[in-house]
Amino acid sequence: MTSPKMLFHLLSRRTPPAFSFHYQVYPPNPHYFLQFHRLTTAPPTPPPRDAALAKLILSSDPQTLTQTLQDPTIQWTSDLVNRTLKRLSNHGPKALHFFKTVDRHHSLSSSDSFDLAIDIAARMRDYKAVWALMARMRARRIGPGPKTFAIVAERYVAAGKPDRAVKVFLSMQEHGCVQDLNSFNTILDVLCKSKRVEMAYNLFKALKSRFKADCVSYNIIANGWCLIKRTPMALEVLKEMVERGLEPSLTTYNTMLKGYFRAGQIKEAWEFFLQMKRRKCGIDVVTYTTLVHGFGCAGEIERARRIFDEMVKEGVLPSVATYNALIQVLCKKDSVENAILVFEEMLRKGYAPNSTTYNVIIRGLCHAGEMDRALTFVERMKDGDECEPNVQTYTIVIRYFCDAGEIEKGLDVFEKMGSGNCLPNLDTYNILISAMFVRKKSDDLLVAGRLLVEMVDRGFLPRKLTFNRVLDGLLLTGNQSFAKEILRLQTRCARLPRQFKL
DNA sequence: TTAGGGTTAG
């Protein structure tokens, strides 16, 4: 076994950089205030109507929708279309109906809107719609572009069809899209991120000379091996990179550092970091965030804190992500109280927490059984103007209410999110449906049945197991007619084209 | 949407 020190020697860059540059967004710089000033003094722009529009679309049936959308006061900018599509993305059928209706009347010409619609169709595994939309893009000469292919490939992989994803990549040219090193790197990354590393590596080996693989390609593959905890393979790949004369970048080192932590090689991670320091790799905020998170996850809270304090002395300011890492590990391995102290400290220092920050705190409070306090943080998100609660926020709260046996409260949160402007996703439905079995109440099973019908209606495909559990439950509690309805629904789902099936 | 750092619990 080679030691990290030896390997580092192998990987280290030949010429140390003259200086290192730390890019920071926060604390805010004076330009932000100038920008804010300009925004407040500019003539008032009408607020985006996407929220109201999404509500309207959700409450109207397909027949009246066309009329609704013909309101002449609506300015169909691509921004409005995109925002609305995003709001409707957890209601695929409505989202696509909306897109098709607006497109029919206004002939949309933004590739971003098409990409969003294609993503929604692909998530529903409606590949016929996906390819029809891609053909329409081509006819309008607005695509399909590299981003479109990235989306489609990603969705094929997520649906368990990585071979189809590769085929799509290989056929880019035929569909009028340039196929270059960037798109090669993208398909490698899509495969790696979904842990199809072996397949990515084979593709890489087969095509690396054709596409002239660069440092990014190698970093993607190394990261892939790290994701499945195979650090020796990652190092082997990087060794080849260096031998081919490609210089490792700071990303390369940060990737390996994270890889060691992920594989539980804490000692190696530390040694590797010391080498990075010694060799003046230009350690940055990502390096430090990796250390804080890595040591924290390993239970070494004090060490994580020490590194957090040390980075400032070294001239690297923490980012929101660094705070999120520290807050998360404090929640997990220390106490939520200490995590909240850090949260308050970041506010004092002028950082703007994002939805991840809030979600981490909310989860910590839920985990500690402090549901009421968790809900006050959800309210804080609503009141503040930084970030609204998202589907993850609500799903966390619902999960913990259900786990604590407070199913009514879970359902209550579910109702509120659905009637507001945040639609539940597959996770939300799965959690709630499972919760409907714990009390062994006949009424709960009716709710489970209704949720199942609703999720199918919104373009989600329940697992076979979910269908069977609901069916058994309904039959056992004497709800024969509803069971029959569910059975018909299951048959309908099963009759969908093969690609619809899980 | 060409690469690296924050989100579950099992």
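In what follows, every heavy atom counts, from backbone to side chain, and hydrogens, waters and symmetry copies are set aside. Letters go in sequence order (proteins before strands), and every chain restarts at 1.
In this entry the base of B/dG5 is anti relative to its sugar, with a glycosidic angle more than 90° from 0.
Atom OH of A/Tyr400 and atom C1' of B/dT7 are 11 Å apart (whole Å). Per the geometry, CG belonging to A/Leu330 stands 15 Å off P belonging to B/dG6, to the nearest Å. Taking atom CZ on A/Phe211 and atom C1' on B/dA3, their separation rounds to 17 Å, with Å as the unit. Atom CD of A/Gln328 and atom P of B/dG5 are 13 Å apart (whole Å). The interatomic distance linking A/Asp427 (CG) with B/dA9 (C1') rounds to 11 Å, in whole Å. Nucleotide B/dG6 holds its P atom 10 Å from the NZ atom of A/Lys332, rounded to whole Å. The interatomic distance linking A/Tyr351 (OH) with B/dG6 (P) rounds to 17 Å, in whole Å. One interatomic measurement links the two molecules: CD of A/Gln179 to P of B/dT1, which rounds to 20 Å at whole-angstrom precision.
Using a 4.0 Å heavy-atom criterion, one finds that A/Thr290 contacts the sugar-phosphate atoms exclusively. As judged by a 4.0 angstrom heavy-atom cut-off over every strand, A/Ser355 is placed among residues making no nucleic acid contact.
Checked against B/dT2, B/dT1, B/dA3, the side chain of A/Asn185 finds its nearest nucleotide in B/dT2. Of the candidates B/dA3, B/dT7, B/dT2, the closest approach to any side-chain atom of A/His293 belongs to B/dT7. When each of B/dT1, B/dT2, B/dG5 is scored by its nearest atom to the side-chain atoms of A/Ile151, the top-ranked nucleotide is B/dT1. Residue A/Glu154 places its side chain closer to B/dT1 than to any other of B/dG6, B/dT1, B/dA3. Comparing B/dG5, B/dT1, B/dA9 against the side chain of A/Thr289 picks out B/dG5 as the nearest. Listed nucleotides B/dA9, B/dG6, B/dT2 differ in distance to A/Arg363; the shortest reach to its side chain belongs to B/dA9. When the nucleotides B/dG6, B/dA3, B/dT7 are ranked by their closest atom to the side chain of A/Lys258, B/dG6 comes out on top. Taking the side chain of A/Ala321 as heavy atoms from C-beta on, and the options B/dA3, B/dT2, B/dG5, the nearest nucleotide is B/dG5. Listed nucleotides B/dG6, B/dT7, B/dT1 differ in distance to A/Ala150; the shortest reach to its side chain belongs to B/dT1.
Between B/dT8 and A/His367, no contact under 4.0 Å exists linking OP1 or OP2 to a side-chain N or O.
For the 3.5 Å distance criterion, the side chains of A/Asp214 and A/Ser217 qualify, holding a donor opposite an acceptor. A side-chain N or O of A/Ser249 and one of A/Thr252 form a donor-acceptor pair less than 3.5 Å apart.
Judged by atom type and distance alone, A/Thr357 does not reach the base of B/dG6 through any side-chain donor-acceptor pair under 3.5 Å.
Within the cation-pi definition used here (under 6.0 Å to the ring centroid, within 45° of the axis), A/Arg303 qualifies as a partner of A/Trp270.
With hydrogens and angles ignored, the 3.5 Å screen pairs no side-chain donor or acceptor of A/Thr466 with any backbone N or O of A/Pro462.
Using cut-offs of 30° and 60° for the angle between ring planes, the A/Phe343 and A/Tyr358 rings count as perpendicular.
For A/Arg439 and A/Glu408, the salt-bridge test passes: some basic side-chain N is under 4.0 Å from an acidic carboxylate O.
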